[in-house]
Peer 1: 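Before I ask anything, let me first share the structure, which is written out below as structure tokens.
Proteins get letters first, then strands, A, B, ... in listed order; numbering begins at 1 in each. Quick note: numbers below take in every heavy atom, side chains included, and nothing from hydrogens, waters or symmetry partners. Everything numeric here is computed off the predicted structure, so don't read it as measured data.
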Amino acid sequence: MPDPILCLEGLSKEYPTKSGSLTVLEPTSLTVGVSELVSIVGPSGCGKSTLLHIVGGLTTPTSGRVLLDGHEVTGPGAERGMVFQAYTLFPWLTVRQNVQFGPKQRGAKKAEREQLADHFLDAVGLHGFRDHFPKQLSGGMRQRVAIARALANSPRILLMDEPFGALDAQTRTVMQELLLTIRSKERTTTLFITHDIDEAVFLSDRIFVMTARPGRLKAEICVPFGSDRSPDLRTSPEFFQIRAEVYDLLHSEGQAVVDAEIAAGSSASG
Amino acid sequence: MATSLNIQSQKAVAIPAVPRKRKPGLFQLGEDIPRGAYLTIAAASFLIPIALWCFLTYSGRANALILPTPTHMMSAALEMYHDGDLMADMKISVTRIGIGFLLSAVLAIPLGILMGAYKCAEAAHEPFVGFIRYVPVPALIPLVMVIAGIDEPAKILLIFLGTYFQMVLVVADVTRQVPKDLLNAARTLGSNRLQVLFNVLLPATLPGLLDTCRTMIGWAWTYLVIAEVVATSSGLGYAIMKAQRFSRADEIFVGIFILGLLGLATDMVFKIAQPRLLPWAEAQRN
């Protein structure tokens with residue numbers, strides 16, 4: 001594995017409820033190496049988004065700590081760029097101003113900001129839309145700008161929380177290929193949350209599979225396709241083999257979620 | 001086999017030579033209707049009552065003391081205009097609304113945003129506001145007169161009391177509705193607390209704030225007339241009261257009509273200003 005850049009040490013999260021505390025994440029430890037794309041897949045409600053929000057500094061863990069380059073992080077920061085599933089572009093700023101937002105917050109000069117915006121809007125193929133407002137863009141375009149906006153801060157690590165989850169299947173495929181292209185140039189270390197197995201296998205160097213709630217890491221799978229991946233990979237036998245492996249690990253967890261919901265429903269009504 | 005299947009599926013989607021044209025119905029839940037139809041219905045909603053009015057008055061079927069003829073009303077309006085009373089009353093009413101509403105907005109917008117943004121501010125102000133806003137404003141008139149007398153400050157205070165407590169709660173709600181992810185995105189882009197507040201939360205509330213002002217200025221008109229009907233010697237509300245005292249139905253109607261027009265005009269100003277002031281905002285209500 002390459003040199004570690006991000007270490008999660010025993011992160012857990014409990015929420016207080018009326019009937020005692022609810023554990024959404026059991027103590028979890030993992031390491032992400034420089035330039036790696038590590039994804040975490042799991043059934044809904046398994047705490048994978050909570051885990052990412054803890055790394056982003058948006059949620060405080062009940063126990064454990066997050067180390068970035070060996071230093072503990074306690075709050076959000078520009079060195080951990082984040083892309084959300086919801087559309088989070090600032091609607092009152094143009095595409096270009098959105099991409100410049102981070103550099104502007106730290107007081108970068110106008111010339112530098114313009115250059116960063118030009119570079120990253122080129123990278124996501126939206127240079128022609130730089131003076132549009134977000135409301136004029138499609139969902140896929142908004143997420144492209146969100147990626148450019150996060151990258152304009154030159155983060156040490158990019159945290160992506162189901163960034164393509166709200167997009168239609170065709171757009172999602174295009175976005176996955178775009179992300180690979182960007183990564184081949186920028187080499188940004190990425191921690192990626194998804195529930196889409198194909199997406200995880202196509203993009204990742206390593207995949208962690210999580211259990212149903214309370215979530216914990218169930219298995220780690222290395223994806224040996226290197227960094228040069230073409231769309232044809234999706235139809236190769238090797239791809240299907242890893243896909244099947246992840247599917248088997250996840251399937252029983254998905255079943256567990258549905259069973260738990262039905263049990264909770266019948267006890268609530270009965 | 002594959003070919004035959006192909007042909008079959010092509011047959012299945014074949015388009016009839018002459019496509020039937022369907023006229024959209026006027027009564028489809030939530031669906032748009034042709035613009036022409038919309039305008040026709042809207043025009044009819046004014047024209048039919050006016051036609052009915054003309055018919056009832058010119059034919060002599062209605063008591064002229066209760067319902068004057070349109071011509072009669074027009075001449076009353078001209079008379080009021082030439083006397084100079086009408087313009088003076090309009091001017092003073094608009095000034096009262098302007099000052100009362102501005103005072104209320106200047107306080108309610110920052111306090112409402114604080115209440116929506118910080119739970120401490122909410123705890124400090126919301127329960128109090130929640131209590132006082134259920135006190136009907138006319139019930140406060142005696143108190144207002146004891147405190148502020150019967151001059152201009154009293155009317156402005158009444159408009160302020162009528163709008164502030166509603167407005168501060170709506171502004172707090174507008175602030176709470178700003179998506180949390182928007183604030184989180186800013187934090188992960190390096191914004192500190194103050195930067196999140198001023199660079200993200202405030203601009204995000206602007207469309208809601210403009211919309212709130214539009215609703216609240218409507219409330220302000222209501223309280224203006226209450227204030228002017230009760231104790232005053234100027235303004236449109238007073239003009240209506242005076243007309244009633246002299247049994248001048250024509251002048252009462254002129255007053256009501258002008259109040260309606262002024263209200264409509266203020267609303268139009270907001271409606272036209274919104275897309276120009278905030279071109280980035282998603283389309284708001286009509």
Peer 1: With a 4.5 angstrom heavy-atom cut-off, which part of A:L159 approaches chain B: side chain, backbone, both or neither?
Peer 2: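 Contact with chain B: none, neither part.
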Peer 1: According to side-chain contact (heavy atoms from CB on, under 4.5 Å), who are the partners of B:V225, at least two apart in sequence or on a separate chain?
Peer 2: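 Checked B:V225 against side-chain contact (heavy atoms from CB on, under 4.5 Å); matches are B:V229, B:L259.
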Peer 1: Minimum heavy-atom separation for B:A185 to A:F84, with atom names?
Peer 2: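 Heavy atoms only, the tightest pair is CA-CE1, 3.6 Å.
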Peer 1: At a heavy-atom separation under 4.5 Å, does B:P203 approach chain A through its side chain, its backbone, both, or neither?
Peer 2: both
Peer 1: Could you tell me which residues in residues 100-114 of chain B have at least one non-hydrogen atom under 4.5 Å from a non-hydrogen atom of chain A, sorted by residue number?
Peer 2: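 Hits under 4.5 Å: none found.
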Peer 1: At their closest point, which heavy atom of B:G190 faces which heavy atom of A:A78, and how far apart are they?
Peer 2: CA-CB, 3.9 Å
Peer 1: Which heavy atom of B:L182 sits nearest to which heavy atom of A:F90, and what is that distance?
Peer 2: O-CE2, 3.6 Å
Peer 1: Check chain B against chain A and list any donor-acceptor pairs under 3.5 Å.
Peer 2:
| residue | atom | partner | partner atom | Å |
| --- | --- | --- | --- | --- |
| B:L189 | O | A:N153 | ND2 | 3.0 |
| B:S191 | OG | A:Q105 | OE1 | 2.7 |
| B:Q195 | NE2 | A:Q105 | O | 3.1 |
| B:N199 | ND2 | A:Q105 | OE1 | 3.4 |
| B:P279 | O | A:K135 | NZ | 3.1 |
| B:A281 | O | A:K135 | NZ | 3.0 |

Peer 1: Among residues at least two apart in sequence or on other chains, which ones pass side-chain contact (heavy atoms from CB on, under 4.5 Å) with B:V269?
Peer 2: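 side-chain contact (heavy atoms from CB on, under 4.5 Å) list for B:V269, sorted by chain: empty.
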